[in-house]
There are 2 protein chains.
Amino acid sequence: MIATRKLVDAGRSASPEETRERILAAAREVIGRKGKRGATTREIAEVAGVNEATLFRHFGSKESLLVACAQHFCGHMQLADVASQLSGNVAEDLLVIARLMHARFESLQDMIRWSFVEQDYDSDVFAATAWRPQLAILTVLTQFMQRRIDAGELQGEAHKIAMVFLGIVFMHVMGKKKFPDSPLHGDPDKALRFYIDVFLNGVTKR
Amino acid sequence: MIATRKLVDAGRSASPEETRERILAAAREVIGRKGKRGATTREIAEVAGVNEATLFRHFGSKESLLVACAQHFCGHMQLADVASQLSGNVAEDLLVIARLMHARFESLQDMIRWSFVEQDYDSDVFAATAWRPQLAILTVLTQFMQRRIDAGELQGEAHKIAMVFLGIVFMHVMGKKKFPDSPLHGDPDKALRFYIDVFLNGVTKR
DNA sequence: TTCGCATGCAAGTACCCACTTGCACTGGTC
DNA sequence: GACCAGTGCAAGTGGGTACTTGCATGCGAA
């Protein structure tokens with residue numbers, strides 16, 4: 001019974017909060033691989049090292065677990081501190097913002113990918129929650145652009161050029177697996193600098 | 001038995017090829033809404049107006065149907081004729097290509113969205129096939145950029161700036177549902193011209 | 001007319017999934 | 001020491017899903 005003992009102890013050693021955390025982390029991992037539909041409670045429990053019944057005792061239903069998962073990992077994020085890092089130089093500031101975007105996209109990539117498709121056809125709370133960070137970033141980006149336009153440094157409409165910049169960085173992250181042989185996916189910082197250069201100056205030869 | 005008669009006749013009136021076509025179209029439609037996993041053979045058959053057994057008699061298995069569907073709609077496309085429409089003016093030519101990209105992305109949007117997430121973790125033939133048109137477009141785009149660089153009109157590396165342009169247009173299509181209140185999603189042609197302007201000249205105020 | 005092929009229809013099989021339940025165990029709290 | 005909350009475990013339930021099968025039907029070709 002030693003083996004049984006060990007397993008039991010492993011479960012027992014953690015507090016309920018720790019158990020909850022493990023389940024949420026496992027859910028995120030499995031959803032990243034299989035998606036909302038493809039993720040089974042069985043596999044999530046297995047990855048979490050927890051009995052399936054425990055999962056339901058914690059979250060009640062699969063749907064509740066997924067929503068809790070999206071809220072846990074994609075909830076309110078602190079973006080305000082970006083402003084303090086800005087120097088005044090447009091290119092440098094854009095790099096700061098781009099790094100932030102890149103990091104966020106990268107770390108939430110799997111969730112975002114699925115929120116991209118499993119959309120609102122079902123008034124999907126999960127997808128809406130998982131997409132929130134992107135909207136937040138777009139807001140920050142738009143505000144930044146507006147300020148630079150007002151200062152006479154950039155031209156165009158703030159939300160439009162913000163969308164372009166967001167699209168470029170977003171596509172960079174999402175494209176890693178889809179265009180794996182692209183030379184852009186070596187040094188991320190280098191790629192970001194390149195994008196900023198194109199964004200600011202265009203590709204026309206002068 | 002008139003009702004039964006009608007249904008039967010509806011099925012009978014079509015040739016096996018037509019039946020096959022209807023099933024493929026239905027599969028595409030349902031996959032677009034529910035995804036590969038979420039699409040059930042029952043619903044596909046229902047949408048196609050055929051019996052579920054007929055679906056299996058045609059395609060053998062759901063997986064075979066999905067692969068056939070991807071091949072049918074995302075198979076080899078004729079892109080070569082773009083070259084004949086090019087004028088020599090970079091901005092105008094980019095608009096021609098962008099319109100083509102936009103139309104393709106738009107019409108294949110649902111399939112592409114799903115191929116985006118249900119990726120190769122399962123050596124997924126469906127996803128690989130559905131993604132092929134994007135790779136084809138990137139190739140055309142890269143070649144175009146290379147020619148313009150060689151002609152001294154553009155600067156940078158062809159594949160890199162091609163990726164940027166692709167990303168912008170791709171994000172435009174994919175973002176329609178995710179950023180519904182963006183002013184870019186009114187007149188597509190206007191948006192494409194705007195993207196091309198930013199791509200060529202940047203957003204820096206001169 | 002006759003025959004075969006494509007289909008409809010209904011029933012069924014085997015599996016998987018979300019979710020439940022009852023019981024046993026244990027570690028910490030009083 | 002007694003109790004209890006949190007967990008493991010095993011079995012089970014009900015519904016959905018892919019896929020099969022046997023038979024009836026009718027259209028079109030021989």
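Quick note on labels: first sequence line is chain A, next is B, and so on, each numbered from 1.
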Looking at side-chain heavy atoms only, is the closest gap between A:Ile168 and B:Met171 below 4.5 Å?
no
So B:Val203 and A:Phe165, do their side chains get closer than 4.5 Å, heavy atoms only?
no
Check the distance between [N]'s [atom2] and [X]'s [atom1] and give it to me in whole angstrom.
X       : N      : atom1 : atom2 : answer
B:Glu18 : C:dT7  : CD    : P     : 10 Å
B:Glu17 : D:dG28 : CD    : C1'   : 14 Å
A:Arg22 : D:dG6  : CZ    : P     : 15 Å
B:Arg20 : C:dT7  : CZ    : P     : 11 Å

Among residues 23-32 of chain B, which residues get a heavy atom nearer than 4.0 Å to DNA chain C?
none
Hey, are [X] and [Y] close enough for a salt bridge, meaning a charged N less than 4.0 Å from a carboxylate O?
X        : Y        : value
B:Glu29  : B:Arg33  : yes
B:Asp150 : B:Arg147 : no
B:Arg28  : B:Asp110 : no
A:Glu63  : A:Lys36  : yes

Test side chain to side chain donor-acceptor pair (under 3.5 Å) applied to A:Ser61 - qualifying residues, sequence neighbours left out:
A:Ser64
Set of side chain to side chain donor-acceptor pair (under 3.5 Å) partners for A:Asp197, sequence neighbours left out:
A:Asn201
Can you tell me how far apart [atom1] ([X]) and [atom2] ([Y]) are? Round to the nearest 0.5 Å.
X        : Y        : atom1 : atom2 : result
B:Asn89  : B:Leu95  : CG    : CG    : 10.0 Å
A:Leu108 : A:Arg132 : CG    : CZ    : 12.5 Å
A:Leu184 : A:Lys176 : CG    : NZ    : 10.5 Å

Can you tell me if the side-chain N/O atoms of A:His58 get under 4.0 Å from OP1 or OP2 in D:dG6?
no
Would you mind building the protein contact string for nucleotides 10-15 of chain C? One character per nucleotide, 5' to 3', B for base within reach (heavy atoms under 4.0 Å), S for sugar-phosphate only, - for untouched.
------
Run the ring pair (Phe, Tyr, Trp, His ring centres under 6.0 Å) test on B:Phe126 and B:Trp131 for me, step by step, so that the C-alpha distance in whole Å, both residues' side-chain angles and the decisive distance to 0.1 Å come before the verdict.
CA-CA 9 Å; B:Phe126 168 81; B:Trp131 189 248; over 10 Å; no
Each nucleotide N or O in nucleotides 28-30 of chain C that has a protein N or O under 3.5 Å away: list the pair and distance.
none

Taking N or O atoms only and anything under 3.5 Å, show me the protein contacts with nucleotides 16-19 of chain C, one pair per line.
| from | atom 1 | to | atom 2 | distance (Å) |
| --- | --- | --- | --- | --- |
| C:dA18 | OP1 | A:Ala39 | O | 3.4 |
| C:dA18 | OP1 | A:Lys62 | NZ | 2.9 |
| C:dA18 | OP2 | A:Thr41 | N | 3.0 |
| C:dA18 | OP2 | A:Thr41 | OG1 | 2.9 |
| C:dC19 | OP2 | A:Lys62 | N | 2.5 |

Under 3.5 Å, is there a donor-acceptor pair linking the side chains of B:Thr129 and B:Gln71?
no
